[in-house]
Amino acid sequence: MQKYSIFNLVKNAFSNHQNWDLAWKDPTPKEEYDVVIIGGGGHGLATAYYLAKEHNITKVAIIEKGWIGGGNVGRNTTIIRSNYMHDENGLFSEFGMDLWRKMSQDLNYNVMFSPRGIINLAHSDAQMNAYARRGNSMRLNGIDAVLLNREQVKEIIPMADFSDNVRFPIFGGLMQPSAGTARHDAVAWGYARQADSMGVDIIQNCEVIGFDVSAGKINGIRTSRGNIKAKKVGLCVAGSTNILAEKLNMTLPIETHLLQACVSEPIKPVLDNVVTFGAGHFYVSQSDKGEMVMGGDLDGYNSYAQRGNLPTLQHVLTEGIAMMPFLSKLKMLRTWGGIMDMSMDGSPIIDKTHIEGLYLNCGWCYGGFKATPASGWTFAHTIAQDRVHELNAGYSLNRFSTGHLIDEKGLGTKTWIS
Amino acid sequence: MLYINCPHCGMRSQNEFSYGGDASVKRPELNKEVSDQEWNNFVYNRKSLRGKHLELWQHISGCRQWIKVERDTATHEIFRTFKADEEVA
């Protein structure tokens, strides 16, 4: 594989950049693989990459219905954080933070990781207490957390509404300085390029139409481009999880819902953190292009539409304007939607299934993007070793029947208030 | 914007309604032994169909009645609505 470097950039400039290698190939599916990963999103690509890198398993195919980077990895709001209270989420996400910090070097691809900090705003004394508790839990798990008072928040984000006569005054906030953003497409492309270079077949425009299961063991998959034999199959398909589960006669604690995001017209730099509203569900950051990137609640009903509906967008942006009134002056540039695999406790599932050789990775709710490296790493471990790693042991499928839910903040298939 | 035909009030916008999830889920019978798996299925496990989906909505800013709505989860088209206790053929 051609390394991306300043020297290669200069060298290729002499040939008008016409001779760069393709970042990944377009192979036809082979008859058999050791591992087939269904879903060529961020998590699927990362899983294939870590299977090759950490476990030396390279007879791997990624089966993608659409194209690389066309699903949720290209539809999110690029936020990366580990500001969780529960050990399962905190330790898993902080492991991921470490992978994020090394990712550009590791993948030889600039993913533009920008640890600019995230601030969760508090709007009451009770919420400040809750944030102090969460901040302490985070610090016990080795995650950086700073509790800010009103004046400190005002210094960082003076454009927020600090006037006296507001419905939700800002009391302070909880900041994770090491959180941030990254270029989401670059993450998909970087993982795809490295996985491809280590021998992984990335097969696009190939839909899975069925599974070949006999005597409780997976033997392969049936696709729109023919049958493929596989010793192990990993499901990594986010909003399409229920559709594939139905083909396996599995019913999962997952509902598919629609989540929207939007960006404003680009403006001069004004916000150098990620900020979330504490009296509802709204978050905002500013992209390198200057657009204000915003998102919030689910549309609230089961949907596979990949496009949003106006009432929810209006509701979310009303919260945004309450938090930062200047947003009302901006024009909307784009809105879009993605379909989320909403789990019933708001936490993900990375586990084996009752079918031997079939592994499940789903339930990412609002937080799939930031989990990309940790999810890929632990899922690769679970597949390669046929047992869960301690980092994803809590993300089991049977926790719903045993009562070991990971209820971080009352988020799940239901919207915050509905 | 979805427009839902409330069987009690007529056609209203989605802003007046709150979503209540899959209407085909049945609570296990009370006077019978219920296994953990049955509870699990009732409380957590959902088919989340792509296509026609029978679901509960509450007309929360209207008559406050629960209703059933048959809706396509891929196109958002609404086919039929029913009262909560109405049998769906």
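The sequence lines fix the lettering, A, B, ..., with proteins before strands; numbering per chain opens at 1.
Among B:K47, B:Q14, B:H53, the residue making the largest number of heavy-atom pairs under 4.5 Å with chain A is B:Q14. Across A:A305, A:S343, A:A245, the residue that shares the most heavy-atom pairs under 4.5 angstrom with chain B is A:A305.
With sequence neighbours left out, the salt bridge (Lys or Arg N to Asp or Glu O under 4.0 Å) criterion links A:R75 to no other residue. Partners of A:Q260 under the side chain to side chain donor-acceptor pair (under 3.5 Å) rule, at least two apart in sequence or in another chain, are A:D299. Qualifying salt bridge (Lys or Arg N to Asp or Glu O under 4.0 Å) partners for A:D345, counting only residues two or more places apart in sequence or in other chains: A:R399.
Residue contact with chain A, scored on non-hydrogen atoms closer than 4.5 Å, involves the side chain of B:N40 exclusively. Residue A:I243 touches chain B through its side chain alone, counting heavy-atom pairs closer than 4.5 Å. Neither the backbone nor the side chain of A:L397 comes within contact range of chain B; no heavy atoms are under 4.5 Å apart.
Heavy atoms from other residues, nucleotides or ligands lying under 6.0 Å from CD of A:E246 number 12 at most. Under a cut-off of 6.0 angstrom, the local environment of NE2 in A:H404 is sparse, with at most 12 non-hydrogen atoms contributed by other residues, nucleotides or ligands.
Taking each heavy atom of B:M1 and A:P311 in turn, the nearest pair found is SD-CG, 3.5 Å. When all heavy atoms are compared, the tightest approach of A:N302 to B:Y19 is OD1-OH, 2.7 Å.
For A:Y304 (side chain) and B:S48 (main-chain N/O), a donor-acceptor pair under 3.5 Å exists by modelled atom type. Using modelled atom types, no side-chain atom of B:R46 and backbone atom of A:N242 make a donor-acceptor pair closer than 3.5 Å.
By the 30° and 60° cut-offs, the orientation of the rings of B:H76 relative to A:Y301 is perpendicular.
Scanning residues 332-339 of chain A against chain B with a 4.5 Å heavy-atom cutoff picks out nothing at all.
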